[in-house]
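All remarks here apply to the structure that follows.
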Amino acid sequence: MTDSLKAAANRKARDERKEAHLRAIFDRNAQHFRAAGNHDAPAVAREAHVAIDRLVERDRKKDASSADIKCRKGCVHCCREPVEIWPHEAALLVDAAREAGLELDKARLERQGHYTIDTWRQQPAADTACVFLGEDRACRAYEFRPNACRKLLVVTDPERCDAGKHPPEEVGRWFSWEAEILESAALEVFGAGLMPQLLLSELNNKT
């Protein structure tokens with residue numbers, strides 16, 4: 001076998017081991033979520049959020065490039081984009097809002113609910129904002145924010161996150177791959193929906 005063939009075989013073997021490792025992580029998380037089921041949905045979501053935070057913190061300590069993350073309080077472009085969550089996260093958010101005395105804008109949620117990921121930016125600009133975004137440009141439910149928000153970390157100028165001015169490919173992201181896999185497992189087991197629709201469903205179920 002030539003050196004080039006050996007190198008190719010080694011790369012293939014490494015890729016296969018990596019794929020098997022990532023699949024094992026996914027399967028382990030999916031099994032955990034299936035076992036949790038719908039029992040105490042807010043607690044299941046909260047447990048997943050804690051796990052995501054730990055993975056992100058661990059991987060940031062390992063990766064010097066994470067020092068380039070630009071996400072800060074007051075940078076709200078991502079708070080005006082469609083966000084997919086799972087039903088357990090909607091239950092947690094509604095419970096957290098009620099405990100904090102936050103009145104959710106159901107009228108805006110209903111308007112937002114008519115749009116999809118593809119049509120989101122066709123609605124009036126004022127309606128694109130997340131219902132948890134406060135007037136001080138801070139998240140009013142930050143401690144309970146969905147996994148989609150927790151793992152979205154960018155390393156490029158926050159101005160490039162403005163989807164109305166810049167294409168998505170201009171945004172550089174930092175990833176914790178295990179965090180991404182955990183969230184993918186949750187979405188596969190519990191299903192995904194846009195935040196306005198799932199929040200409205202949860203609000204209606206609790207009235």
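K61 places a side-chain heavy atom less than 4.5 Å from the side chain of E57. A 4.5 Å side-chain heavy-atom check between L203 and S201 finds every atom pair outside the cut-off.
When hydrophobic residues (I, L, V, M, F, W, Y) are linked wherever their side-chain heavy atoms come within less than 4.5 Å, the members clustered with L133 are V76. Hydrophobic cluster of V154: the remaining members, joined at side-chain heavy-atom separations below 4.5 Å, are V171, listed by chain and number.
Nearest approach of C71 to L152, heavy atoms of both residues: SG-O, 3.8 Å. When all heavy atoms of R121 and R80 are compared, the closest pair comes out as NH1-O, 4.0 Å. When every heavy atom of R150 is checked against every heavy atom of R145, the shortest pair comes out as NE-O, 2.8 Å. Taking both residues in full, the closest heavy atoms of G172 and T156 are given as N-OG1, 3.0 Å, listed atom of the first, atom of the second, then distance.
Between the side chains of H114 and Q122, no donor N or O sits under 3.5 Å from an acceptor N or O. Side chain to side chain, D63 and S65 meet the donor-acceptor criterion of an N or O pair below 3.5 Å.
Around atom CD of E169, more than 12 heavy atoms belonging to other residues, nucleotides or ligands sit under 6.0 Å away. Summarising the local packing, CD of Q31 is surrounded by 12 or fewer heavy atoms from other residues, nucleotides or ligands at distances under 6.0 Å.
Counting only distance, with no hydrogens or angles, the side chain of R160 and the backbone of P167 share no donor-acceptor pair below 3.5 Å. At distances below 3.5 Å, not a single donor-acceptor pair connects side-chain atoms of H49 with backbone N or O atoms of E89.
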**Stepwise salt bridge (Lys or Arg N to Asp or Glu O under 4.0 Å) check, R140 with E103** = CA-CA 11 Å; R140 298 185 298 162; E103 187 71 28; over 6 Å; no
**Prompt:** Going through the distances and angles, do E110 and K106 end up as a salt bridge (Lys or Arg N to Asp or Glu O under 4.0 Å)?
**Reply:** CA-CA 6 Å; E110 289 171 353; K106 288 188 68 173; 5.2 Å; no
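Legend: residues meeting salt bridge (charged side-chain N to carboxylate O under 4.0 Å, His left out) with R108, ordered by chain and number and at least two apart, are D105. H77 is linked by a side chain to side chain donor-acceptor pair (under 3.5 Å) to nothing, counting only residues two or more places apart in sequence or in another chain. Partners of Q123 by side chain to side chain contact (heavy atoms under 4.5 Å, CB included), not counting sequence neighbours, listed by chain and number: Q112, Y115, W120, D127, T128. Legend: residues meeting salt bridge (charged side-chain N to carboxylate O under 4.0 Å, His left out) with R58, ordered by chain and number and at least two apart, are E178. Legend: residues meeting salt bridge (charged side-chain N to carboxylate O under 4.0 Å, His left out) with D27, ordered by chain and number and at least two apart, are R23. Every residue meeting the ring-ring contact (aromatic ring centres under 6.0 Å, His included) condition with F175, not counting sequence neighbours, appears here in chain and number order: W177. Contacts of R54 classified as salt bridge (charged side-chain N to carboxylate O under 4.0 Å, His left out), with partners at least two apart in sequence or in another chain: none.
Atoms CG and NZ, from D59 and K151 in turn, are 13.5 Å apart once rounded to the nearest 0.5 Å. Here the straight-line distance linking atom CD of E81 with atom CG of D162 works out to 8.0 Å at 0.5 Å rounding.
Applying the ring-ring contact (aromatic ring centres under 6.0 Å, His included) test to every pair with at least one member in residues 121-174, sequence neighbours left out, gives no pairs at all. Residue pairs meeting the side-chain hydrogen bond (donor to acceptor under 3.5 Å, both in side chains) criterion with at least one member in residues 66-75, sequence neighbours excluded, do not occur.
Hydrophobic clustering keeps I52 apart from I25 (ILVMFWY residues linked when any side-chain heavy atoms are closer than 4.5 Å, directly or through intermediates). V94 and V83 fall within the same hydrophobic cluster, where Ile, Leu, Val, Met, Phe, Trp and Tyr residues are linked whenever their side-chain heavy atoms come under 4.5 Å apart, directly or through other members. In the hydrophobic clustering of this structure, F33 does not group with I85; members are Ile, Leu, Val, Met, Phe, Trp, Tyr whose side-chain heavy atoms approach within less than 4.5 Å, directly or through other members.
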Could you pull out all donor-acceptor pairs under 3.5 Å where a side-chain atom in residues 181-199 meets a protein atom, sequence neighbours excluded?
residue : atom : partner : partner atom : Å
E183    : OE1  : W86     : NE1          : 3.2
E183    : OE1  : N147    : ND2          : 3.0
S184    : OG   : E180    : O            : 3.0
Q197    : NE2  : G113    : O            : 3.2

